[in-house]
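To start, the structure under review is shown below, and the notes come after it.
Atoms within each ligand, like the ligands themselves, are counted from 1 in listed order.
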Amino acid sequence: MKKSEVCAIFRDMAQMMEILGEDVYRIRAYQRAARSIEHTAADITVMAARRELTKIPGVGRELAGKIEEILATGTLRKYEELKEKVPPGLLEILRIPGLGPKTARVLYGELGIGGIAELERLAKEGRLKNLPGIKAKTEENIMRGIALLRCAGERRPLGTVLPFGQLVVDALKEGAPVSRVSLAGSIRRLKETVRDIDILASSDDPEKVIEFFIRLPPVAEIIARGETRASVRTKDGLQIDLRVVPEYSYGAALCYFTGSKEHNIRVRELGVRLGLKVNEYGVFSDKTRIAGETEEGVFAALGLPFIPPEMREDRGEVEAGLEGSLPRIVEFGEIKGDLHVHSEYSDGAASLSEIAAKARQMGLQWAAVCDHSQSLKVAGGLDAAALAKKKHEIVAFNAGSEDVKLLCGSEVEIGLDGSLDYPDEILAGLDVVVAAIHTGFRQGREVQTHRLVRAMRNPYVHVIAHPTGRLIGEREGYAVDLEAVYQVAAETRTVLEINAWYKRLDLSDVECRKASDKGVKFGIGSDAHLINQMDFLALGTGVARRGWLTARQMINTLSYRELTVFFKEKGVYFHNNWQEYSLEDD
Ligand code: DGT
Ligand code: CA
């Protein structure tokens, strides 16, 4: 029994209790417990054996007993009772993002809707509008939610697939007679969601490679199998396609199978203009192969520089390559720090020295420890005293650390009116302030825009965390005028975060590029709650690369010293221009 299963039961229960109109405090207690169990680093089975479950924030004696019951029996008596009372069709429609228990209760009560398919049909026919409490907008939201859910079913967040894909590549390198092997397709382009894993290998014994591949332990089903290619499905339903090509066409095949399809079409058109034929076997002038062994060779034959996989989306990269204006995008090796890590001071699992050790191991020079601020009690937000203690500990740590330095930061709540969760005197004492919206998602566009703009106009706010609030496949971002946000970010020297938490990737690649046109600076933060989640930094770097960002646009490429100066400068700049800004506020 895993943590995630306990959380799922608690979350289901909270939803069912909400439908049944049970006590809100009990409902909140289940939700809170689910959240904090999710963020607990320790093994809950071990904790249960040691009778330590009550150490988890939000888990009292009663809930600890419930967790023990789940661990022992696989379920919960109360959960089974609730399931008797709430029909399964109703629970199914609750999986639709953005559809809450209140709406679900109306839909079920009035129309007896038995599932998502039925709901979709009625929504399309416009038959929900006249129900009590359901507006035209709700109907639209339901349709969008269903589309989002479908898409989440087919595509997976990159972060859940990439490490596995790399393991498969490593296994092939080690165990199969390949000379070169690489990820291809959307996973190589580091697209935020992927449908399957594409792999390309070169070998002079393709059959042996295929034979090895289909026998890898995670393979549950062989979908198709030929002499030079195979498709399999893993135990958790993920498809992997492998193609094996001869050495002389590996570069051309890698270009072709990396895609994207739209990029390939653009490249082939360029070939036609030059009188060349481009396909997965090579670049041909009449019948003569003029390139194909390497990707560089293929691009060069077309008069192009090497275009990094992340840029191959037909977003102007071929034109820029021809003009010589393709930017040199930031590389992971240039990233010197992580802008957003949670420690055990709030809801993170790691101590300060563990964070520093992980940073060192990743080749980083600094990490900003940004715990939640006081009002976010569910996530262990710090009051002023705790913050002072943390600052003291960080100063002592830095004094004793020759290489990796920590920044004392906070992820500060932005209120509904754009005010911040700590007074300016406290903010001024922090190395870095990352301001974030975690509440009031349904506020209108003007309110949200004002919240962010007002926060950015605070001289001590250095970064806006996950600026749109979206969760991949689960929740769209809140309504907000991003153009205005980018404008003010550039003007006030406020950094916009590329939150690299695998479900966020916020800002997204496309938004980064828009903001970049306005002169905004960016900072990648892993938002790690467990120490190994700092590895998400690589996903954030992927977003930056897909957004065509250069090292100079990223504050992660600054040294610790440069970074602290950079942050201080915002305050100085504001105080020199105080009239301009104080007039505009509010
Ligand atoms: P996905 O799987 O939906 O996340 O996205 P991709 O880009 O991995 O697409 P996939 O797996 O269907 O195909 C892998 C690559 O093969 C794709 O990026 C480009 C290439 N490819 C597939 N179909 C076509 C096609 O019809 N024309 C061209 N030019 N290339 C194609
Ligand atoms: Ca693919």
Report yes or no: does I187 have a heavy atom closer than 4.0 Å to ligand 1?
-> no
Atom 31 (C) of ligand 1 touched by protein (heavy atom, under 4.0 Å) = yes
Run the numbers for me: atoms of ligand 1, each under 4.0 Å from some heavy atom of R189, listed by number.
-> 7 (O), 18 (O)
Run the numbers for me: atoms of ligand 1, each under 4.0 Å from some heavy atom of T258, listed by number.
-> 18 (O)
Ranked by distance from atom 23 (N) of ligand 1, the top protein heavy atom is K261 CD, 4.2 Å
What atoms of ligand 1 come closer than 4.0 angstrom to any heavy atom of R155?
-> 1 (P), 3 (O), 4 (O)
State, to 0.1 Å, how close V520 and A489 come at their nearest heavy-atom pair, and which atoms those are.
-> CG2-CB, 4.1 Å
Numbered atoms and elements of ligand 1 in range of D198, under 4.0 angstrom, heavy atoms | 8 (O), 11 (O), 14 (C)
Give the residue and atom name of whichever protein heavy atom lies nearest to atom 17 (C) of ligand 1, and the separation in Å to one decimal.
-> G259 CA, 4.0 Å
Name of the D198 atom (N/O/S only) found closest to the Ca ion (ligand 2) = OD2
Look at atom 15 (C) of ligand 1 and say which protein heavy atom is nearest, naming residue and atom and giving the distance to 0.1 Å.
-> F257 O, 3.2 Å
Which ligand 1 atoms are under 4.0 Å away from a heavy-atom of V194?
-> 4 (O)
Using 4.0 Å as the upper bound for N to carboxylate O, is an ion pair formed by E317 and R266?
-> no
Do you see a donor-acceptor pair shorter than 3.5 Å between the side chains of H342 and Q533?
-> no
Look at the aromatic rings of F536 and Y502 and report parallel, tilted or perpendicular, splitting at 30° and 60°.
-> tilted
Do E511 and Y486 have side-chain atoms, one donor and one acceptor, less than 3.5 Å apart?
-> yes
Side-chain donor-acceptor pair present, D506, N499, cut-off under 3.5 Å | no
Mark yes when over 12 heavy atoms from residues, nucleotides or ligands other than D517 sit less than 6.0 Å from its CG; otherwise mark no.
-> yes
Determine the sole option in R442, R470, R144 for which the salt bridge (Lys or Arg N to Asp or Glu O under 4.0 Å) test with E476 is passed.
-> R144
To which protein heavy atom is atom 2 (O) of ligand 1 closest, and what is the distance rounded to 0.1 Å?
-> D196 OD1, 3.1 Å
To which of R266, R243, R195, R188 does the heavy atom nearest atom 9 (O) of ligand 1 belong?
-> R195
Ligand 1 to S260 polar contact by distance, N or O atoms, under 3.5 Å | no
Min N/O separation S186 to ligand 1 under 3.5 Å = yes
For ligand 1, which atoms sit closer than 4.0 Å to a heavy atom of R268?
-> 29 (N)
Side-chain donor-acceptor pair present, T557, E334, cut-off under 3.5 Å = no
Taking only heavy atoms of Y256, which atoms of ligand 1 are found under 4.0 Å from at least one of them?
-> 16 (O), 19 (C), 20 (C), 24 (C), 25 (C), 27 (N), 28 (C), 29 (N), 30 (N), 31 (C)
So, does H263 sit close enough to ligand 1 that a heavy atom of it is under 4.0 Å from the ligand?
-> no
Any side-chain heavy atom of S508 sitting closer than 4.5 Å to one from V543?
-> no
Charged N to carboxylate O under 4.0 angstrom, E262 versus R268?
-> no
Here the atoms of ligand 1 under 4.0 Å from any heavy atom belonging to G185 are 8 (O)
Could you check which N/O/S atom of D196 is closest to the Ca ion (ligand 2)?
-> OD1
Is the Lys NZ or Arg CZ of R289 less than 6.0 Å from the centre of Y248's six-membered ring, within 45° of the axis?
-> no
